[in-house]
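Take a look at the structure set out below.
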Protein chains: 2
Amino acid sequence: MSWEERLNQAGWRVTMPRRVVLRVLQQARRPLSPQEIHARGRRIHRSLGLVSVYRALEVLEQAGLVRRVHREARCDGYILASPGHHHVLICRRCGRAVEFPGAEDLSGLIAQVERRTGFRVEDHLLQLIGLCAPCQGSGPA
Amino acid sequence: MSWEERLNQAGWRVTMPRRVVLRVLQQARRPLSPQEIHARGRRIHRSLGLVSVYRALEVLEQAGLVRRVHREARCDGYILASPGHHHVLICRRCGRAVEFPGAEDLSGLIAQVERRTGFRVEDHLLQLIGLCAPCQGSGPA
DNA sequence: CTCTAACTGAAAAAATTTTTCAGTAAAATC
DNA sequence: GATTTTACTGAAAAATTTTTTCAGTTAGAG
Ligand SMILES: [Zn+2]
Ligand SMILES: [Zn+2]
Ligand SMILES: [Zn+2]
Ligand SMILES: [Zn+2]
């Protein structure tokens with residue numbers, strides 16, 4: 001099933017901005033911000049508006065056609081840090097955040113990825129999202 | 001070693017904004033945005049400026065006293081998505097992003113975390129950061 | 001203390017994101 | 001293919017977030 005069909009099946013239309021955003025991302029070699037996508041998109045279709053890029057990304061992400069990447073810069077949300085390397089567990093309902101230690105858990109996975117991709121992995125970001133114990137009891141909010 | 005000493009050793013001063021930001025985060029039950037930290041911080045010290053919150057977070061994060069959390073909302077950077085669950089590998093030098101599949105790699109880890117914390121883990125975010133093969137060759141940029 | 005450079009808050013500027021709205025066009029129906 | 005419906009569009013305005021600038025303050029070394 002083509003992505004056009006996937007969009008239609010999910011009740012969305014196939015429009016110029018969505019087509020252009022996808023095409024820009026297909027040609028990109030790294031994650032792009034909405035602004036960057038807009039700039040490149042205008043080279044494909046002059047009249048593309050920035051607002052439509054935002055809206056297209058929203059839809060395409062929901063449709064699973066586009067993936068949001070979290071990068072170092074410009075991402076708010078802070079918790080207190082315990083010393084050393086930790087991962088974070090966040091409750092999607094109440095927002096509670098818990099740290100848990102452990103870096104070796106991933107060494108097998110990382111070794112495998114390094115072998116397959118030629119990358120040298122230096123760091124990682126692991127966050128688990130779920131429901132904390134109290135929130136499992138209460139009904140959906 | 002206290003956090004004040006840690007700051008000093010790293011060449012930073014212990015100042016009111018840094019103290020207040022830390023205290024706000026100590027009392028918080030979930031990740032807070034700079035704005036939220038500022039609002040709560042003013043209840044501790046009326047004259048606290050928003051700019052200083054931004055600056056304090058920067059320093060405290062570098063000092064390992066505070067951890068930045070990536071949340072769903074408001075985080076730019078997009079790549080094209082392959083269908084299904086993937087993790088992302090990003091080169092810190094050239095920005096190149098590569099997806100790799102696999103969700104079962106973490107199942108042992110997740111089971112362990114669920115047992116220890118009482119959370120029910122529903123989703124996760126795993127990103128590896130490193131150097132791609134070409135960038136390993138070139139000197140530091 | 002005194003001194004000095006690392007800091008501070010406020011204001012202004014810049015950048016990003018969301019809202020609003022009158023018009024456009026995708027795709028279902030005829 | 002024309003008609004109709006309404007999801008969608010771009011531009012402008014508004015709101016929000018982040019960065020820069022700057023004159024003054026203060027932590028902490030000496
Ligand atoms: Zn993020
Ligand atoms: Zn919860
Ligand atoms: Zn880790
Ligand atoms: Zn690279």
Side-chain angles (χ1 to χ4, degrees), chain A residues 1-24 31-63 65-66 68-78, chain B residues 1-24 31-63 65-66 68-78:
Chain A
M1 184 159 54
S2 72
W3 68 266
E4 287 96 334
E5 288 167 332
R6 277 176 72 184
L7 269 196
N8 273 324
Q9 285 226 337
W12 282 303
R13 292 182 180 174
V14 174
T15 67
M16 179 277 288
R18 291 167 192 174
R19 240 191 298 265
V20 171
V21 166
L22 267 191
R23 200 157 135 221
V24 165
L32 299 179
S33 71
Q35 318 276 343
E36 291 170 317
I37 294 168
H38 179 231
R40 298 189 186 195
R42 288 193 93 135
R43 301 209 286 263
I44 297 173
H45 196 109
R46 265 311 292 296
S47 78
L48 176 68
L50 174 59
V51 185
S52 296
V53 171
Y54 278 101
R55 291 189 284 222
L57 287 171
E58 208 174 299
V59 166
L60 295 173
E61 191 182 15
Q62 277 190 60
L65 293 169
V66 143
R68 183 203 297 273
V69 165
H70 294 250
R71 302 182 292 181
E72 272 311 290
R74 307 206 347 77
C75 205
D76 50 22
Y78 290 84
Chain B
M1 182 161 55
S2 71
W3 68 266
E4 288 96 335
E5 288 167 331
R6 278 177 71 183
L7 269 196
N8 273 325
Q9 286 227 338
W12 282 303
R13 292 184 179 174
V14 174
T15 67
M16 180 277 287
R18 290 166 193 176
R19 240 191 298 267
V20 170
V21 166
L22 267 191
R23 199 156 135 221
V24 165
L32 299 179
S33 70
Q35 319 276 342
E36 290 170 319
I37 293 167
H38 179 232
R40 299 190 186 194
R42 290 194 91 134
R43 301 209 286 262
I44 297 172
H45 197 108
R46 265 312 290 296
S47 77
L48 176 67
L50 174 59
V51 184
S52 296
V53 171
Y54 278 101
R55 291 187 283 222
L57 286 172
E58 210 174 297
V59 167
L60 294 173
E61 191 183 14
Q62 277 189 61
L65 293 168
V66 140
R68 182 202 297 271
V69 165
H70 294 251
R71 302 183 292 181
E72 272 310 291
R74 307 204 351 75
C75 202
D76 50 21
Y78 290 85

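Lettering of chains follows the sequences in order, A, B, ..., and the numbering in each one begins at 1. The structure displayed is predicted, hence computed values, not measured ones. Note that these values count all heavy atoms, side chains included, but never hydrogens, waters or copies made by symmetry.
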#### Entry: Any residue meeting side chain to side chain contact (heavy atoms under 4.5 Å, CB included) with Glu5(A), in chain and number order, not counting sequence neighbours
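Scan of Glu5(A) (side chain to side chain contact (heavy atoms under 4.5 Å, CB included), adjacent residues dropped) gives Met1(A), Ser2(A).
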### Message
Going by side chain to side chain contact (heavy atoms under 4.5 Å, CB included), name the residues that satisfy it together with Val20(A), two or more places apart in sequence or in a different chain.
### Response
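By the side chain to side chain contact (heavy atoms under 4.5 Å, CB included) rule, Val20(A) matches Met16(A), Val24(A), Ile44(A), His45(A), Leu48(A).
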Which whole-number value in Å describes the distance from [X] [atom1] to [N] [atom2]?
{"X": "Tyr54(A)", "N": "dA13(D)", "atom1": "OH", "atom2": "P", "value": "18 Å"}
{"X": "His38(B)", "N": "dT17(D)", "atom1": "NE2", "atom2": "C1'", "value": "13 Å"}
{"X": "Gln35(B)", "N": "dA15(D)", "atom1": "CD", "atom2": "P", "value": "16 Å"}
{"X": "Leu48(B)", "N": "dT8(C)", "atom1": "CG", "atom2": "P", "value": "9 Å"}
{"X": "Glu36(A)", "N": "dT17(C)", "atom1": "CD", "atom2": "P", "value": "11 Å"}
{"X": "Glu4(B)", "N": "dA27(D)", "atom1": "CD", "atom2": "C1'", "value": "13 Å"}
{"X": "Leu57(B)", "N": "dT18(D)", "atom1": "CG", "atom2": "P", "value": "10 Å"}
{"X": "His45(A)", "N": "dC8(D)", "atom1": "NE2", "atom2": "C1'", "value": "14 Å"}

### Partners passing side-chain hydrogen bond (donor to acceptor under 3.5 Å, both in side chains) against Glu58(B) (at least two apart in sequence or in another chain)
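Here no residue qualifies.
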### Query
Measuring from Leu65(A):CG to Glu4(A):CD, what's the distance to the nearest 0.5 Å?
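Answer rounded to 0.5 Å: 9.5 Å.
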### Query
How far does CZ of Arg68(A) sit from CG of Leu60(A), to the nearest 0.5 angstrom?
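These two atoms lie 12.5 Å from each other.
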### Query
Can you list every salt bridge (charged side-chain N to carboxylate O under 4.0 Å, His left out) pair that touches residues 8-23 of chain A, not counting sequence neighbours?
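Listed once each, the pairs would be none.
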### Message
Enumerate the salt bridge (charged side-chain N to carboxylate O under 4.0 Å, His left out) contacts for residues 32-44 of chain A, please, sequence neighbours excluded, ordered by first and then second residue.
### Response
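As it turns out, the salt bridge (charged side-chain N to carboxylate O under 4.0 Å, His left out) pairs with a partner in residues 32-44 of chain A, which skip direct neighbours, are Arg30(A)-Glu36(A).
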### Message
Over all strands shown, is Arg46(A) touching base, sugar-phosphate only, or nothing at heavy-atom distances under 4.0 angstrom?
### Response
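It contacts nothing in the nucleic acid.
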### Whichever of Pro34(A) and Arg55(A) has its nearest DNA chain C nucleotide further upstream toward 5'
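It is Pro34(A) whose nearest nucleotide is closer to the 5' end.
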For nucleotides 26-28 of chain C, tabulate all protein N/O to nucleotide N/O atom pairs closer than 3.5 Å, reporting atom names and distance.
residue : atom : partner  : partner atom : Å
dA26(C) : N3   : Arg13(A) : NH1          : 3.2
dA27(C) : OP1  : Asn8(A)  : OD1          : 3.1
dA27(C) : OP1  : Val14(A) : N            : 2.8

### Task
Please figure out whether Leu50(B) or Leu50(A) has its closest DNA chain D nucleotide nearer the 5' end.
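Mapping each residue to its closest nucleotide by heavy atoms, the 5'-most match is Leu50(A).
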